[in-house]
Structure formats: structure tokens, C-alpha cells
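Each remark here refers to the structure printed beneath this line.
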Amino acid sequence: ALDGSNWQYVDLFEFQIDIEGIVVENIARRCGGFLRKLSLRGCQAVGDNALATFSQYCNNIEHLDLKYCKKISDRTSQSLSLHCHKLQYLDVSSCSAVTDISLYALAQGCPGLVHLDISWCDMVTSNGVRSLSEGCKKLQDVGKNFYEVEVLSRGHLSLFLLSGASLYADAMKISTF
């Protein structure tokens with residue numbers, strides 16, 4: 001259908017080299033509220049402005065993969081937080097400009113988040129993860145590759161974060177102090 005109703009899932013990984021922000025904006029305008037899942041994995045030319053437009057038009061998005069999108073920053077997470085309250089899965093791994101500000105925003109606006117991959121986001125700290133776990137009660141996974149040792153136990157998210165590992169408390173006994 002020309003109204004975008006058949007476009008519930010779009011994966012642009014195969015075309016990552018050629019995809020620019022305007023393509024994402026056009027998809028958003030065409031698919032609007034129908035789009036549930038979008039993969040922009042590896043689309044390094046896509047940035048915050050395109051994702052701001054996307055967030056406004058595609059507020060029913062549930063699954064968004066932005067892995068290796070190097071031009072993505074906290075502005076994208078803030079836009080998603082304002083408009084995409086149904087978001088359950090977000091991958092921003094290897095997006096080096098993502099900081100704790102993103103996690104604070106997502107904690108406020110995306111309470112149904114179940115999975116957030118922040119692997120290799122070196123500017124994210126345990127404070128951001130703690131804030132995220134407090135706002136996103138369904139959160140189960142935040143990816144891997146943290147370089148801090150800390151136990152976060154909030155009942156709904158219990159992780160042992162250690163150099164490249166994310167181990168769940170239900171898989172092993174972890175004592176919290």
C-alpha cells in the first residue's frame with residue numbers, strides 16, 4: 001500500500017553505505033505510525049536530525065537498531081524519549097557520543113524498554129545505568145563491555161558488570177551489600 005501500512009519492518013543494513021538522513025526522514029513520513037521495527041545498523045551517515053524527524057512520525061516504533069551509527073548522540077535518545085513511548089528494544093552500541101544523558105532521557109520517556117545495548121558507549125557510567133534501571137522497570141539487558149565492577153540490584157535488573165561481561169543474578173548467586 002502506498003500509505004505505508006505494509007511497512008512495519010524495515011532493515012537498511014544491506015544499503016548502509018548509501019543511506020543518508022533524508023532517506024530515514026522519507027521512510028518516517030511514508031510509514032508513520034505503521035512502522036514497528038527499523039534497523040539502521042551501520043548507517044554511519046545517519047544522524048540526530050534524521051532521528052528527530054523519525055521519532056516524531058514513527059511514535060509506535062518498538063524495535064530500533066542504531067548500532068555503529070557514529071553520528072548518533074544524546075539528542076536521538078532525547079527525541080525517542082519525547083515521542084516513542086512504546087520502544088522496547090534499542091541498540092546504540094558503538095555510538096561513541098551516547099552518554100548518561102541518553103539513559104536519563106530513556107528512563108523518563110520509555111518505561112517499557114526491555115533491552116538497551118550500550119556496549120562500547122564509553123561515556124556511559126554506572127550512574128546512568130542505575131537511573132535507567134529505576135525508570136525502566138521491565139529492563140532485562142544493557143549489553144556488555146563495561147569496565148567497572150559493580151553490582152546493580154533493583155529487583156527487576158540485577159547485573160554484575162565486569163570487563164566485557166554482563167551476568168544475570170538469576171543465572172548465578174550474587175550478594176549485594
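All values derive from a computational prediction rather than experimental measurement. Just the heavy atoms: all of them, side chains too, but no hydrogens, waters or symmetry mates, feed the values below.
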**Prompt:** If two hydrophobic side chains count as joined below 4.5 Å and joins carry through other members, does Leu51 share a cluster with Ile22?
**Reply:** yes
**Item:** Minimal non-hydrogen separation, Ala28 against Cys58, with atom names
**Value:** CA-SG, 3.6 Å
**Request:** Answer yes or no: is there a side-chain heavy-atom contact under 4.5 Å between Leu38 and Phe54?
**Result:** yes
**Item:** Taking every non-hydrogen atom, the tightest pair across Cys69 and Gly42
**Value:** SG-N, 4.5 Å
**Message:** Applying side-chain contact (heavy atoms from CB on, under 4.5 Å) to Leu40 and Asp65, what does each step give before you reach the verdict?
**Reply:** CA-CA 6 Å; Leu40 296 174; Asp65 187 347; over 6 Å; no
**Request:** Could you pull out the closest heavy-atom pair between Gly21 and Val46, with the gap in Å?
**Result:** N-CG2, 4.3 Å
**Prompt:** Can you name the closest pair of heavy atoms from Cys121 and Ser93 and give their distance?
**Reply:** SG-CA, 4.3 Å
**Item:** Validation row: Asp91, Leu64 side chains within 4.5 angstrom (heavy atoms)
**Value:** no
**Request:** Flag the pair Leu103 / Ile118 as yes when at least one side-chain heavy-atom distance between them is below 4.5 Å, and no otherwise.
**Result:** yes
**Item:** Lys67 side chain reached by Ser119 side chain, heavy atoms, under 4.5 Å
**Value:** no
**Asked** Which value, rounded to the nearest 0.5 Å, describes the distance between Trp120 atom CH2 and Tyr68 atom OH?
**Response** 10.0 Å
**Message:** How long is the straight-line distance from CG of Leu106 back to OG of Ser77, given to the nearest 0.5 Å?
**Reply:** 4.5 Å
**Request:** State yes or no: do Met123 and Tyr104 share one hydrophobic cluster built from I, L, V, M, F, W and Y residues joined by side-chain heavy-atom distances below 4.5 Å, directly or via other members?
**Result:** no
**Prompt:** Should we say atom CD of Gln108 is surrounded by more than 12 heavy atoms from elsewhere, each under 6.0 Å from it?
**Reply:** no
**Asked** How many angstroms lie between SG in Cys95 and CG in Asp122, if you round to the nearest 0.5 Å?
**Response** 11.5 Å
**Complete:** Rounded to the nearest 0.5 angstrom, the CG-SG distance for Leu132 and Cys110 is 9.5 Å
**Fill in**
In short, Arg75 meets Ala52 closest at the heavy-atom pair NH2-CB, 4.5 Å
**Asked** How many angstroms lie between atom NE2 of His85 and atom CD1 of Ile61, to the nearest 0.5 angstrom?
**Response** 14.0 Å
**Asked** Could you walk me through whether Thr53 and Arg29 pass the side-chain contact (heavy atoms from CB on, under 4.5 Å) check?
**Response** CA-CA 8 Å; Thr53 300; Arg29 288 184 183 101; 3.9 Å; yes
**Asked** Considering residues, nucleotides and ligands other than Lys71, do more than 12 of their heavy atoms fall under 6.0 Å from its NZ?
**Response** no
**Asked** Under 3.5 Å, is there a donor-acceptor pair between the side chain of Asn60 and the main chain of Arg36?
**Response** no
**Asked** Would a hydrophobic clustering, with Ile, Leu, Val, Met, Phe, Trp and Tyr connected at side-chain separations under 4.5 Å, put Leu82 with Ile72?
**Response** no
**Prompt:** Between atom CD of Gln140 and atom CG of Leu113, what is the distance when rounded to the nearest 0.5 Å?
**Reply:** 10.5 Å
**Asked** Linking I/L/V/M/F/W/Y whenever any side-chain heavy atoms sit under 4.5 Å apart, do Ile19 and Ile27 land together?
**Response** yes
**Request:** Would you indicate whether the side-chain heavy atoms of Thr76 and Leu80 approach each other to under 4.5 Å?
**Result:** yes
**Asked** Counting N and O atoms only, with roles assigned by atom type, does the side chain of Asp74 sit under 3.5 Å from a partner on the main chain of Thr99, one being a donor and the other an acceptor?
**Response** yes
**Request:** Output every pair passing side chain to side chain donor-acceptor pair (under 3.5 Å) with a member in residues 19-28, not counting sequence neighbours, ordered by first then second residue.
**Result:** none
**Prompt:** Between Asn59 and His83, does any side-chain donor sit less than 3.5 Å from a side-chain acceptor?
**Reply:** no
**Fill in**
Tightest non-hydrogen contact, residues Tyr89 and His115, listed as CE1-CD2, 3.0 Å
**Message:** So Asp117 and Val92, do their side chains get closer than 4.5 Å, heavy atoms only?
**Reply:** no
**Asked** Between the side chains of Ser79 and Ser55, does any donor sit under 3.5 Å from an acceptor?
**Response** no
